[in-house]
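Values below: all heavy atoms of this structure, side chains included; hydrogens, waters and symmetry mates excluded. Index from 1, following the sequence.
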Amino acid sequence: MKTAIRLDDITPDMDPEKYKKVEKILDDNGICPLIGVVPFNEDENLKRSSERLTDSEFAEYIKGRLDKKWVVALHGYNHVYTTGKMGIFPLNNFSEYAGVPYEKQLEMLKKGKDKLAEFGVQTDIFMTPAHTYDKNTLKALVDAGFSRVTDGFGSGPYIRKGLTFYPISRKRKECISDKKGYTTLVLHTNTMEDSDIERFENMIRDNREHFINYCDYLEVEAVSRGALGNITEYFTALAKYFVVKLL
């Protein structure tokens with residue numbers, strides 16, 4: 001398995017120390033990830049630093065990542081969960097998008113995209129908070145000018161409703177398996193403990209051949225997927241939801 005890496009919850013007030021530790025591991029190993037930027041963060045759980053960057057400082061930070069060939073995705077609007085809907089990828093029972101009217105979703109996506117443009121980022125990649133989205137989200141994404149989504153389950157990129165999906169891993173050991181295909185390791189640096197960061201560093205060191213740059217993941221040819229694949233994905237995600245809930 002070839003594995004790309006994505007870092008969620010990139011905000012002007014994220015935990016800078018934990019983030020820098022993970023960034024150093026990636027830099028030391030020559031790995032360029034995808035980062036998900038929240039344009040208008042209002043999620044108190046993501047506010048981890050009292051020294052919040054200004055918009056200009058945050059824009060400069062993002063530019064620095066682009067200069068290193070990292071890839072940027074829009075990670076929602078304000079990262080606040082307003083519904084209890086699971087949507088069509090039911091990994092969680094809360095959402096910023098699933099269950100929200102199409103017109104509102106489209107407005108959020110356009111405003112978020114415009115904000116990233118102010119930071120100097122032109123992106124067509126979407127990273128939904130909590131992994132939850134519905135059919136209206138997919139329609140709104142296309143209408144807002146997005147063409148790629150970092151989510152879903154599968155052995156490689158697939159096409160659904162005019163969007164290319166880049167699957168995430170169902171479990172960590174899948175990332176370093178000998179199976180053929182591509183997946184994504186999802187990291188939330190804000191909530192990683194030192195022991196988690198150490199495990200991540202060891203994982204990369206011992207299995208470097210499995211990891212690829214996210215920009216290379218974007219070059220992998222996507223395949224069309226029919227109803228059976230979508231149904232399988234839905235019930236796989238739902239099963240994982242219940243497993244995690246029981247733990």
**OP:** Identify whether Leu218 and Trp70 are in the same connected component of the hydrophobic contact network (ILVMFWY, side-chain heavy atoms under 4.5 Å).
**Re:** no
**OP:** Evaluate the side chain to side chain contact (heavy atoms under 4.5 Å, CB included) criterion for residues Val38 and Met14: first the C-alpha distance (whole Å), next the side-chain angles of each, then the deciding distance (0.1 Å), finally the verdict.
**Re:** CA-CA 10 Å; Val38 183; Met14 62 186 176; over 6 Å; no
Original post:
Which distance, rounded to the nearest 0.5 Å, do you find between the CG of Asp13 and the CG of Leu53?
Top reply: 8.0 Å
**OP:** Starting at CG of Leu109, measure out to NZ of Lys111 and round the result to the nearest 0.5 Å.
**Re:** 12.0 Å
Subject >> Arg199 and Asn202 side chains, donor-acceptor separation under 3.5 Å >> reply: no
Subject >> Sub-4.5 Å side-chain heavy-atom contact between Asn136 and Val100 >> reply: no
**OP:** State plainly whether one hydrophobic cluster holds both Met1 and Phe200, where clusters connect Ile, Leu, Val, Met, Phe, Trp and Tyr through side-chain heavy atoms under 4.5 angstrom apart.
**Re:** no
Original post:
Taking all non-hydrogen atoms of both residues, which atom of Ser169 and which atom of Thr183 are closest, and how far apart?
Top reply: N-OG1, 3.0 Å
Subject >> side chain to side chain donor-acceptor pair (under 3.5 Å): pairs with one or both residues in residues 19-35, sequence neighbours excluded >> reply: Tyr19-Tyr61, Lys21-Asp194, Glu23-Arg65, Glu23-Lys68, Lys24-Asp28, Asp27-Lys68
Original post:
Given side chains that start at C-beta, do those of Leu7 and Leu26 come closer than 4.5 Å, heavy atoms only?
Top reply: yes
Subject >> side-chain hydrogen bond (donor to acceptor under 3.5 Å, both in side chains) partners of Thr150, counting only residues at least two apart >> reply: Arg6
Subject >> Side chain Lys18, main chain Asn190, donor-acceptor under 3.5 Å >> reply: yes
Subject >> Common cluster, Met127/Val186, ILVMFWY with side-chain heavy-atom separation under 4.5 Å >> reply: no
Original post:
Do the non-hydrogen side-chain atoms of Asn213 and Lys69 ever get within less than 4.5 Å of each other?
Top reply: no
Subject >> Distance-minimising heavy-atom pair for Gly120 and Leu66 >> reply: O-CD1, 4.1 Å
**OP:** Output, in order, the C-alpha distance, side-chain angles, deciding distance and verdict of side chain to side chain contact (heavy atoms under 4.5 Å, CB included) for Ile204 and Ile5.
**Re:** CA-CA 11 Å; Ile204 296 294; Ile5 294 173; 4.0 Å; yes
**OP:** Determine whether more than 12 heavy atoms belonging to other residues, nucleotides or ligands lie under 6.0 Å from atom CZ of Arg48.
**Re:** yes
Subject >> Residues that Lys240 engages under side chain to side chain contact (heavy atoms under 4.5 Å, CB included), provided they are two or more places apart >> reply: Leu91, Phe153, Val244
Original post:
According to the salt bridge (charged side-chain N to carboxylate O under 4.0 Å, His left out) rule, which pairs have a member within residues 33-45, sequence neighbours left out?
Top reply: Glu44-Lys47
Original post:
What pairs of residues pass the salt bridge (charged side-chain N to carboxylate O under 4.0 Å, His left out) test when at least one of them lies in residues 138-152, not counting sequence neighbours?
Top reply: Asp124-Arg148, Lys139-Asp143
**OP:** Just do the side chain to side chain contact (heavy atoms under 4.5 Å, CB included) check on Thr3 and Ile176 with the steps written out, would you?
**Re:** CA-CA 8 Å; Thr3 301; Ile176 52 176; 5.9 Å; no
Original post:
Is the shortest heavy-atom distance from the side chain of Leu138 to the side chain of Ile88 under 4.5 Å?
Top reply: yes
Original post:
Taking only residues two or more places apart in sequence, or in another chain, which ones meet Arg172 in a side-chain hydrogen bond (donor to acceptor under 3.5 Å, both in side chains)?
Top reply: none
Original post:
Is the shortest heavy-atom distance from the side chain of Phe126 to the side chain of Tyr97 under 4.5 Å?
Top reply: yes
**OP:** Could you verify whether a donor N or O on one side chain and an acceptor N or O on the other, from His75 and Asp9, lie under 3.5 Å apart?
**Re:** yes
Subject >> Pairwise salt bridge (charged side-chain N to carboxylate O under 4.0 Å, His left out) hits with a residue in residues 82-105, at least two apart >> reply: Lys104-Glu107
**OP:** Could you list all the ring-ring contact (aromatic ring centres under 6.0 Å, His included) pairs where at least one residue sits in residues 205-227, not counting sequence neighbours?
**Re:** Tyr166-Tyr217, Tyr214-Tyr217
Original post:
Does CD belonging to Glu209 count more than 12 external heavy atoms closer than 6.0 Å?
Top reply: yes
**OP:** Would you check if the side chain of Ser224 reaches a backbone N or O of Ile159 as a donor-acceptor pair within less than 3.5 Å?
**Re:** no
**OP:** Check the pair Gln105 / Asp134 against side chain to side chain contact (heavy atoms under 4.5 Å, CB included), numbers first and verdict last.
**Re:** CA-CA 10 Å; Gln105 292 197 48; Asp134 59 15; 3.2 Å; yes
**OP:** Heavy atoms only: give me the nearest Gly76-Pro129 pair and the separation to one decimal.
**Re:** CA-CD, 3.7 Å
Original post:
CG of Asn78 to OG1 of Thr11: how many Å apart, nearest 0.5 Å?
Top reply: 12.5 Å
Original post:
So how far is it from Glu17 CD to Thr189 OG1, rounded to the nearest 0.5 Å?
Top reply: 11.5 Å
Original post:
Looking only at heavy atoms, which two atoms of Thr232 and Thr236 are closest? And how far apart?
Top reply: O-OG1, 2.7 Å
Original post:
Taking only residues two or more places apart in sequence, or in another chain, which ones meet Val223 in a side chain to side chain contact (heavy atoms under 4.5 Å, CB included)?
Top reply: Tyr158
Subject >> Qualifying residues under side-chain hydrogen bond (donor to acceptor under 3.5 Å, both in side chains), relative to Glu201, sequence neighbours excluded >> reply: none
Subject >> Pair His79 + Tyr81: ring centers closer than 6.0 Å >> reply: yes
**OP:** Please test Lys63 against Asp67 for salt bridge (Lys or Arg N to Asp or Glu O under 4.0 Å), starting from the C-alpha separation and ending with a verdict.
**Re:** CA-CA 6 Å; Lys63 182 179 182 300; Asp67 290 343; 3.2 Å; yes
Original post:
Does a sphere of radius 6.0 Å around CD in Glu198 hold more than 12 heavy atoms from other residues, nucleotides or ligands, not counting ones at 6.0 Å or beyond?
Top reply: no
Original post:
How does the hydrophobic cluster around Leu238 look, that is, which other residues are in it when side-chain heavy atoms under 4.5 Å mark a link?
Top reply: Met86, Ile231, Tyr234, Phe235, Tyr241, Phe242
Subject >> Hydrophobic cluster identity match, Leu74 and Leu187, side-chain contacts under 4.5 Å >> reply: yes
**OP:** Can you run down the salt bridge (charged side-chain N to carboxylate O under 4.0 Å, His left out) pairs that involve residues 229-239, sequence neighbours left out, and say none if there aren't any?
**Re:** Arg160-Glu233, Arg225-Glu233
Original post:
Are side-chain heavy atoms of Thr128 and Phe89 found at a separation under 4.5 Å?
Top reply: no
**OP:** Ignoring hydrogens and angles, tell me if any N or O in the side chain of Asp8 forms a donor-acceptor pair with the backbone of Gly36 under 3.5 Å.
**Re:** no
Subject >> Non-hydrogen side-chain atoms of Thr54 and Glu60 separated by less than 4.5 Å >> reply: no
Original post:
Does Phe58 CZ have over 12 foreign heavy atoms under 6.0 Å away?
Top reply: yes
**OP:** Over all heavy atoms of both residues, which pair between Thr83 and Ala98 is shortest? Give the atoms and the distance, please.
**Re:** OG1-O, 2.7 Å
**OP:** Kindly give the heavy-atom pair with the smallest separation between Pro33 and Ile31, and that separation in Å.
**Re:** CD-O, 3.6 Å
**OP:** Answer yes or no: is there a side-chain heavy-atom contact under 4.5 Å between Ser95 and Tyr133?
**Re:** no
Original post:
Say you draw a straight line from CD1 of Ile62 to CD1 of Ile35; how long is it, rounded to the nearest 0.5 Å?
Top reply: 6.0 Å
Original post:
Nearest 0.5 Å, what's the OG1-NZ distance between Thr123 and Lys113?
Top reply: 7.5 Å
